[in-house]
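Could you have a look at this structure, given as structure tokens, before my questions?
Throughout, protein chains are lettered first and strands after them, A, B, ... in sequence-line order, and every chain is numbered starting at 1. Bear in mind the structure is a predicted one, so any value in this text is a computation, not a measurement. Note that these values count all heavy atoms, side chains included, but never hydrogens, waters or copies made by symmetry.
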Amino acid sequence: MSDSVGMKRRGEVELGETLVEVNGLKKHFIDNDGILTNISVDTGDGFPLKYQPKKVRAVDGVNLTIEKGETLGLVGESGCGKSTLLRTILQLLEPTEGNIYFKGTDLTSISKDELRDLRKDMQMIFQDPQSSLSPRMRIGRIVEEPMEAHGLLTKDERQRRAKYLLEKVGLDPSHYNRYPHAFSGGQRQRVNLARALSVNPDFIVCDEPVSSLDVSIQAQVLNTMKELQEEFGLTYLFIAHDLSVIRYISDRVAVMYLGKVVEIGDTDTIFDNPQHPYTKALLDSIPVPNPHRRGERGVLKGDVPSPLNPPSGCRFRTRCPSLIIPEGFDFREDEWDYTLSFIRAVKRRDFTFKSRDKVVERFFDGTVPRGDAGSVIDNALIHIENSDWQEASELLTEAFEEQSICARAEPQTYTQMEDTGVKHKTACHLHQT
Amino acid sequence: MASESKDTIDSRPGELFVPAEEEYSVDNPDEMDNSEDVGIKYTILQIKEDTTARIGLYIVSIIMIVAIYATIDAQLLDYAIAERFWYHPEFDPDSPEANLPPIGITNAYGEGTVAHPLGTDHRGRDILARLVYGSRVSIQAGVFATFIGMAGGIIIGSVAGYYGGRIDDLLMRGIETLYAIPFLVLIIAFMSAVGRDLVIAMVAVSILTTPVFARLIRSEVLSVREMAYVEAARASGLRDYQIILRHVIPNSFASVVVQATLQIGSIILLIAGLSFLGFGAQEPTPDWGAMLADSRGFLLPNPWFSVWPGLAILITVVAFNIVGDGLRDALDPYIDNSQKEDEGRI
Amino acid sequence: MKENIILSVKDLETHFFTSGGIVRAVDGVSFNVKSGETVGLVGESGAGKSITARSILRLVDSPGQIVGGEITFHDQMIFGTQERADGTIERHPDMLDDETLRTQIRGSKIAMIFQDPMDSLNPVFKIGDQVRELIELNRDVTKYEAKEIAIETLREVGIPDPENRYSDYPHEFSGGMRQRVLIAMAFSCQPDLIIADEPTTALDVTVEGEILNLVRDLQKKYNTSFLWITHDMAVIAELCDRVNVMYLGEIIEQANVYDLFDDAHHPYTEALLKSIPRPDVSIEKLDPITGVMPGAINPPQGCRFHTRCPDAHRACLDTNPPLIGLDENEQHNVACIKYDERTGYWESEELENEERNQIKGINNV
């Protein structure tokens, strides 16, 4: 007969109901470059020396819900804050603002002991199979550790359960006494899985768990994760930079940019019919394993801005190909697109100035737009001719980009209901209802 | 997406499924175990491959045995401190030199006989016996002080490194203050006030060794605490002290062990220096440094008197250092001493 | 050399002599690279792709050693052997000596780009100086001219504001930017061949996209050939003209990129293509290859892939199949006995799981 051990639980959630709810979550880091760099002279009011530490706004207002039994994929470029979001949800980092509700309990307002108790229900899987397992601990003990930490079961029971779990994740239970370095990367990730499962959690947060594995091993581990989800009723929050992996494993996908979620919805809809310009650009730029589709990729130019100083209004506006035309300008057809690429090329000093005509030929197909827009561009061209790129860049940015509503106001989140019954949310001015 | 989850016991909330005894045996001796790749046995194997380290290890073992022997042979102490005065056959008690302290020799200046293979010192005490007994003092001081310093340093260093912030600042400023004061000056001042005794010297040296280990382990901890397995431990719900004991310290330990062996060497030198200045072992306790000090006055008549204790210090310290180097290499996962050189080079 | 082949590798063998045994990391690899084309070398970790690349420039260090084969670049022999009278192997007299290889080939005719830019860039020197130094060494220009060229090259690879960023240090650049610097350095001496060892693996997908476009543009402009090493099939599809698929030290399939994807013949290639998730299609369930690539110390007998091959028959244990052309042109070559009637593949029975050289009890990794 098998044993089962009961534990005190509260707020149990059924399949399909909300398991995790994140409200207005913010996590800011103070820039720790030393005291002296953060002192500035400000003769405004009071003491002339001001200490203003810069803040890295890693996560800057995120709202999410995750349902029991689903897999939510989280994508975004490096620096968008997804790892930070993961760790803040799990309370491995303390949020600067906002609430996280897990099974109805607000994690930000409970005591340390209560939090530790809840850790049984939320676990994490890490990216690097090597550094996530203590090299001097046998894997059996590694798998048992969460159970030990919470004082569950007796020593013998823990051992038996650990072996059972090792087999569940596809390893040989007789390897219980081996050290991590005896295993391959894929096997170590399975140990990670077994460890996460040992306390029977509801929610597992996965930080790029297959990124460092070989392609054919990835498939094996992903399948195992899916099977375990079926069997144990797990809920996953899954980060990967490989969008193919996200497409395979996720039910819904959230796209992050510079600390905010810009789009969230059903996986197929996000991939086949993305609404947000960033999502579109991201998906467009992925290479596809099909040589017949070469050269179809788009390019998302530029770098992600620094989270120390995010752009005003919509954060994507510095790179957005669909920036909304500011009021007061009268552009013909492609002229706005031309102007936009020109502005960005100037900002990046992407070209050398040979002659005004050559530049106009290259960027405006021979003709500068008329009217106010035209005069600004002309001025900019004069600056460039004098090698005054900074002036030109500032002029163009102020006149065009910063006048657009995209720079003046933060976009609201617009929700539309898909046929699948899933809410599709986009944070973009283009989708005003 | 998880469908209606099957009715495995685990999917019922609050329950951990534990399989029956018959299914998974506990503590099965047949289970594969590759602990030979990690830990003490492996480290020793690595050292065996490294010739220099092996020699060092032999020497250290010999010295340790000698030191331990010195604690059990009661006769030895007697031999070492009993003063016997041997006079040169031509010694004339009425000559002006008669007032000079007698130089203990046997048949000729410094040459040994069977009874005194290394000769005797100025007070007729057998040098070999004094060397052997002196090893006990040196090793005791070295090991004791290193051990205390290590224990204290590990606690302070790991707490400072793991928590960071104010705690780190506070502890490390304290440590650095200790570091900033010149060792010797402090000890001498301290002992002048408190009293010149070997035990006091050892305690003082222990306290002053702590900063070395504290800083070392703190920097190891700083890198270990960023490791994913530490984060995993936190996510598992382990308490901080458990994480430090179970994960942080064992993984930071390698360089501490190496430092400890090197530290023993330098502490032996330190105690010898103190004794040389008159602050370590007091008469009549034999100590290598004190013997060196004594030998200064008799360099002309008995130069060998200074050689033996100097040699003893040299060999001991070098041997410990070599073992320390060998340990460092052995514990470094990137250096494999057992690789063969390539063959059949084209 | 015929047909504008610039690099020819024949039966290359690079082994590592360790206390655990001889690791046959590269065990008989043959391929060539033509002028202006991009050749891909694809395979999982442990297949031997990196070592093959390094062998071409003789960058293999002890305990590794190139033990056999011939590497020819533009009529110059980078590596070759001949037999002495007593049967032992020695260096071929025509082989380039170390000095010539270093000064004339490495960096100037054949350049290499590595995966981690921080491995190749010195953190205490400015980026611009590092590029300029390379140009000075390999091209006959003055220091001032070299600086001008360096700035232009930086601009060409898309580094914004290159005049000012010339004086920045590596840590002031993002990962993608650093990789561009490496590309700039590789191109700066206008080599005929660039060997790229997984340069985009560690980069974000958008950055990777930009780098791939950059490489394609530069290649068109300078007609440089590329040997591109990766494990990512999407990059292969995007960039390569011809592809070599490696498994455990051997090339098991060689074809142009369209044939490889549309008409893969080797079971490994087929299985690999079926096991990768895709961004453009929703897949219900992935079909992974069972097992793991064995170590190269003790490769499986016969065909090295038989332990994991869904189509393995008994005959697969008998021989290690050589690369054979599927047609007379020898444009599509496969190392599998299925396509060679003489081997008796179809007559022999299927292999059961237990009969393969599998590690007992672990059929997952």
Q. Are any side-chain N or O atoms of Arg294(A) and backbone N or O atoms of Ala237(C), one a donor and one an acceptor, separated by less than 3.5 Å?
A. yes
**Q.** Portion of Met293(C) that has a non-hydrogen atom of chain A nearer than 4.5 angstrom
**A.** neither
Q) For Arg155(C), is it the side chain, the backbone, both, or neither that has a heavy atom closer than 4.5 Å to a heavy atom of chain A? A) side chain
Q: Among Gly176(C), Pro279(C), Pro288(C), single out the residue with the greatest number of heavy-atom pairs under 4.5 Å to chain A.
A: Pro279(C)
Q. In Å and rounded to the nearest 0.5 Å, what is the CG to CG distance from Asp204(C) to Asp242(A)?
A. 11.5 Å
**Q.** Rounded distance (nearest 0.5 Å) linking atom CD of Glu208(C) with atom CZ of Arg297(A)
**A.** 8.0 Å
Q | Contact origin within Ile236(C) toward chain A - heavy atom pairs under 4.5 Å | A | backbone
Q | Part of Lys285(C) lying under 4.5 Å from any heavy atom of chain A | A | both
Q.
Less than 4.5 Å to any heavy atom of chain A: does that hold for the side chain of Asn164(C), its backbone, both, or neither?
A. side chain
Q: Could you tell me whether the side chain of Gln220(A) and the main chain of Gly291(C) form a donor-acceptor pair under 3.5 Å?
A: yes
**Q.** For Pro291(A) against Phe261(C), the heavy-atom pair lying closest together
**A.** CD-CG, 3.4 Å
Q.
Between Asp232(C) and chain A, with a heavy-atom cut-off of 4.5 Å, which part of the residue counts as in contact: side chain, backbone, both or neither?
A. neither
**Q.** Whether over 12 other heavy atoms sit under 6.0 Å from Gln130(A) CD
**A.** no
Q. Are Arg293(A) and Glu238(C) close enough for a salt bridge, meaning some N to O gap below 4.0 Å?
A. no
Q. If you round to the nearest 0.5 Å, how far is CD of Glu77(A) from CG of Leu203(C)?
A. 11.5 Å
Q) Side chain, backbone, both or neither: which part of Glu227(A) has a heavy atom under 4.5 Å from chain C? A) side chain
Q.
I need the minimum non-hydrogen distance between Ser244(A) and Pro277(C), along with the two atoms involved.
A. CB-O, 3.3 Å
Q.
Only pairs of heavy atoms separated by less than 4.5 Å count here; which of Ala271(C), Ser174(C), Gly46(C), Cys240(C) has the most with chain A?
A. Cys240(C)
Q) Atom CG in Leu243(A), atom OG1 in Thr206(C): separation rounded to 0.5 Å? A) 9.5 Å
(Q) Quick check for you: to the nearest 0.5 Å, what is the distance between His231(C) atom NE2 and Leu213(A) atom CG? (A) 10.0 Å
Q.
Less than 4.5 Å apart, side chain to side chain, heavy atoms only: is that true for Ile283(C) and Arg247(A)?
A. no
Q. Can you tell me how far CG of Asp214(A) sits from CD1 of Ile289(C), rounded to the nearest 0.5 angstrom?
A. 10.0 Å
Q) At their closest point, which heavy atom of Arg278(C) faces which heavy atom of Asn290(A), and how far apart are they? A) NH2-CB, 3.9 Å
Q: Check whether more than 12 heavy atoms from other residues, nucleotides or ligands sit under 6.0 Å from atom CD of Glu145(C), and answer yes or no.
A: yes
Q. Non-hydrogen atoms of chain C under 4.5 Å away: do they reach the side chain of Asn223(A), the backbone, both or neither?
A. side chain
Q | Partner of Ser282(C) under side chain to side chain donor-acceptor pair (under 3.5 Å), chosen from Asp268(A), Thr267(A), Asp272(A) | A | Asp268(A)
(Q) Just so I understand: if I count every heavy-atom pair under 4.5 Å between each of Gly298(A), Ala345(A), Ser285(A), Gly76(A) and chain C, which residue has the most? (A) Ser285(A)
Q | Identified side chain to side chain contact (heavy atoms under 4.5 Å, CB included) counterpart of Pro289(A) within the set Leu273(C), Val235(C), Ile276(C) | A | Ile276(C)
(Q) I need the minimum non-hydrogen distance between Glu284(C) and Tyr248(A), along with the two atoms involved. (A) O-CE1, 3.8 Å
